[in-house]
Protein chains: 2
Amino acid sequence: MEKESVVSKIQGAITRNSELFEELANLYKIFGDASRVKILCALTQSEMCVSEISEFLSITQSAVSHQLRILKTSNLVKTRRNGKSIIYSLTDDHVRTIIDCGMEHIAE
Amino acid sequence: MEKESVVSKIQGAITRNSELFEELANLYKIFGDASRVKILCALTQSEMCVSEISEFLSITQSAVSHQLRILKTSNLVKTRRNGKSIIYSLTDDHVRTIIDCGMEHIAE
DNA sequence: TGAACGTATGAACAATTGCTCATATATAGG
DNA sequence: CCTATATATGAGCAATTGTTCATACGTTCA
């Protein structure tokens with residue numbers, strides 16, 4: 001019953017790290033929206049303020065702010081103020097890696 | 001206006017590839033559920049049938065089947081029959097890469 | 001100080017999601 | 001064939017999601 005024990009080992013590893021998978025799913029959930037991925041991808045190229053993002057996404061400034069809040073809460077982006085504008089940028093380079101990773105899959 | 005043109009170049013690139021980002025988001029949406037990530041992660045270790053998955057996830061066989069259908073429709077998993085069982089396995093190794101990529105981020 | 005601009009936020013709503021329940025399909029064994 | 005077992009599927013439902021609208025907050029500048 002070699003196969004049997006392999007499966008139960010996997011079962012053990014997964015149930016033991018259940019929280020980790022919950023976290024992982026939550027991370028991917030953030031990338032699972034076109035608006036947010038576009039924002040993140042744009043930010044890999046250059047920091048941007050809310051109105052700039054709102055413009056090229058063709059969605060309301062309000063909608064952008066809501067999405068940015070999600071990204072900030074998840075620590076994927078950080079902000080700084082420049083006069084009346086708030087400039088958003090990526091907190092680290094993992095975002096780029098994750099996007100690339102997915103793009104590679106899509107490219108088949 | 002150096003900065004201005006950078007932003008508009010990004011805007012161009014993103015709106016031009018809008019469909020691609022839609023696809024990307026849809027891919028991540030699949031990983032954005034704990035049950036599905038667990039299934040996918042388990043399958044990186046070994047192929048498994050529905051009842052095995054159902055057992056270690058502690059969710060209904062029906063729920064598992066529904067999730068597996070999503071994974072199959074997205075071509076992330078493939079199936080073969082073995083007697084009364086249907087054995088599920090990954091279609092390729094991108095899944096492993098994507099999961100690793102996310103795990104790396106969580107590890108901080 | 002007050003108007004104008006940029007951003008954040010809460011409520012409301014439609015759309016989507018993931019589950020359960022009931023039931024259908026398919027295969028193996030008697 | 002008939003039954004038991006394994007899986008698939010559709011309907012229904014509660015929970016979540018992403019948007020818009022209205023409005024509040026914060027900064028600049030006249």
Side-chain angles (χ1 to χ4, degrees), chain A residues 3-4 7 18 21-43 47-89, chain B residues 3-4 7 18 21-43 47-89:
Chain A
K3 195 57 173 300
E4 210 79 337
V7 169
S18 192
F21 286 101
E22 215 75 45
E23 232 182 304
L24 188 64
N26 284 335
L27 174 65
Y28 285 128
K29 208 172 288 178
I30 294 168
F31 287 78
D33 175 82
S35 297
R36 282 193 299 264
V37 179
K38 285 178 188 174
I39 292 174
L40 289 172
C41 186
L43 294 181
E47 54 176 20
M48 294 174 74
C49 70
V50 179
S51 51
E52 285 174 320
I53 296 171
S54 167
E55 192 182 336
F56 83 76
L57 279 188
S58 306
I59 58 177
T60 319
Q61 170 271 316
S62 174
V64 173
S65 274
H66 279 299
Q67 297 293 19
L68 286 171
R69 194 162 66 85
I70 293 173
L71 296 178
K72 194 176 181 187
T73 301
S74 322
N75 282 309
L76 293 176
V77 303
K78 62 182 192 296
T79 61
R80 69 182 168 84
R81 180 177 278 280
N82 182 18
K84 278 175 287 190
S85 300
I86 308 279
I87 315 281
Y88 280 80
S89 58
Chain B
K3 194 56 173 300
E4 211 77 339
V7 169
S18 193
F21 286 100
E22 216 74 47
E23 234 181 303
L24 188 64
N26 284 334
L27 174 66
Y28 284 125
K29 209 172 290 178
I30 294 169
F31 287 78
D33 175 83
S35 297
R36 282 193 298 265
V37 189
K38 284 178 187 173
I39 292 174
L40 289 173
C41 186
L43 293 181
E47 54 177 20
M48 296 174 75
C49 69
V50 179
S51 50
E52 286 173 320
I53 296 172
S54 167
E55 193 183 335
F56 83 77
L57 280 187
S58 306
I59 59 176
T60 319
Q61 169 271 316
S62 175
V64 174
S65 274
H66 280 299
Q67 298 292 20
L68 287 171
R69 195 162 65 85
I70 292 174
L71 297 178
K72 194 176 181 189
T73 302
S74 322
N75 281 309
L76 294 176
V77 303
K78 61 182 193 294
T79 61
R80 70 183 167 82
R81 181 176 278 280
N82 181 19
K84 278 175 286 191
S85 299
I86 307 280
I87 315 279
Y88 281 79
S89 58

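Just so it is clear, the model here is predicted, and its values are computed rather than measured. Naming: A, B, ... by sequence-line order, numbering from 1 per chain.
Of the inter-residue distances, the one linking B:Ile70 atom CD1 with B:Lys29 atom NZ reads 11.0 Å to the nearest 0.5 angstrom. The structure places CD of A:Glu22 at 5.5 Å from NZ of B:Lys38, a figure rounded to the nearest 0.5 Å.
Distances shorter than 4.0 Å separate none of the side-chain N or O atoms of A:Ser62 from OP1 or OP2 on D:dG18. An OP1 or OP2 oxygen of C:dC19 is reached within less than 4.0 angstrom by a side-chain nitrogen or oxygen of B:Gln67. Residue B:Ser65 places no side-chain N or O under 4.0 Å from the OP1 or OP2 atom of D:dT7. In terms of phosphate contacts, A:Tyr88 brings no side-chain nitrogen or oxygen within less than 4.0 Å of OP1 or OP2 of C:dG6. In this model, the phosphate group of C:dG6 is not approached by any side-chain N or O of A:Ser51 to a distance below 4.0 Å at OP1 or OP2. In terms of phosphate contacts, B:Ser35 brings a side-chain nitrogen or oxygen within less than 4.0 Å of OP1 or OP2 of C:dC19.
One interatomic measurement links the two molecules: CZ of A:Arg69 to P of C:dA11, which rounds to 12 Å at whole-angstrom precision. Straight-line distance from the CD1 atom of A:Ile86 to the P atom of D:dC25: 16 Å, rounded to whole Å. What separates CD of B:Gln61 from C1' of D:dT5 is a distance of 11 Å, to the nearest Å. Straight-line distance from the CD atom of B:Glu52 to the P atom of D:dT5: 17 Å, rounded to whole Å. Rounded to an integer number of Å, the gap from B:Asp33 CG to D:dA15 P is 17 Å. To the nearest angstrom, C1' of C:dT20 lies 11 Å from CD1 of B:Ile59. Rounded to a whole Å, the CZ atom of B:Arg81 is 10 Å from the C1' atom of D:dA8. One interatomic measurement links the two molecules: CG of B:Asn26 to C1' of C:dT17, which rounds to 13 Å at whole-angstrom precision.
The closest side-chain donor-acceptor pair between B:Glu55 and B:Ser51, if any, does not fall under 3.5 angstrom.
Comparing C:dT20, D:dT17, C:dT27 against the side chain of B:Lys84 picks out C:dT27 as the nearest. When the nucleotides D:dT7, C:dT7, D:dT19 are ranked by their closest atom to the side chain of B:Cys49, D:dT7 comes out on top. Nearest nucleotide to the B:Ile70 side chain, out of C:dG18, D:dT20, C:dT9: C:dG18. For B:Arg36, counting side-chain heavy atoms from C-beta on, the closest listed nucleotide (D:dG26, C:dT7, C:dG18) is C:dG18. In this structure, the nucleotide among C:dT7, C:dC19, D:dT7 sitting nearest to the side chain of B:Ala63 is C:dC19.
Checked against A:Gln67 for a side chain to side chain contact (heavy atoms under 4.5 Å, CB included), the options A:Ile39, A:Leu57, A:Leu40 give a single hit: A:Ile39.
No N or O donor and acceptor, one from the side chain of B:His66 and one from the base of D:dT7, sit under 3.5 Å apart.
The shortest heavy-atom contact between A:Cys49 and A:Ser85 is CB-CB, 4.1 Å. B:Ser54 and B:Val64 make their closest contact through CA-CG2, 3.5 Å (heavy atoms, listed as atom of the first residue, atom of the second, distance).
Among the atoms of the strands shown, only primed sugar atoms or phosphate atoms (P, OP1, OP2) are found under 4.0 Å from some heavy atom of A:Lys29.
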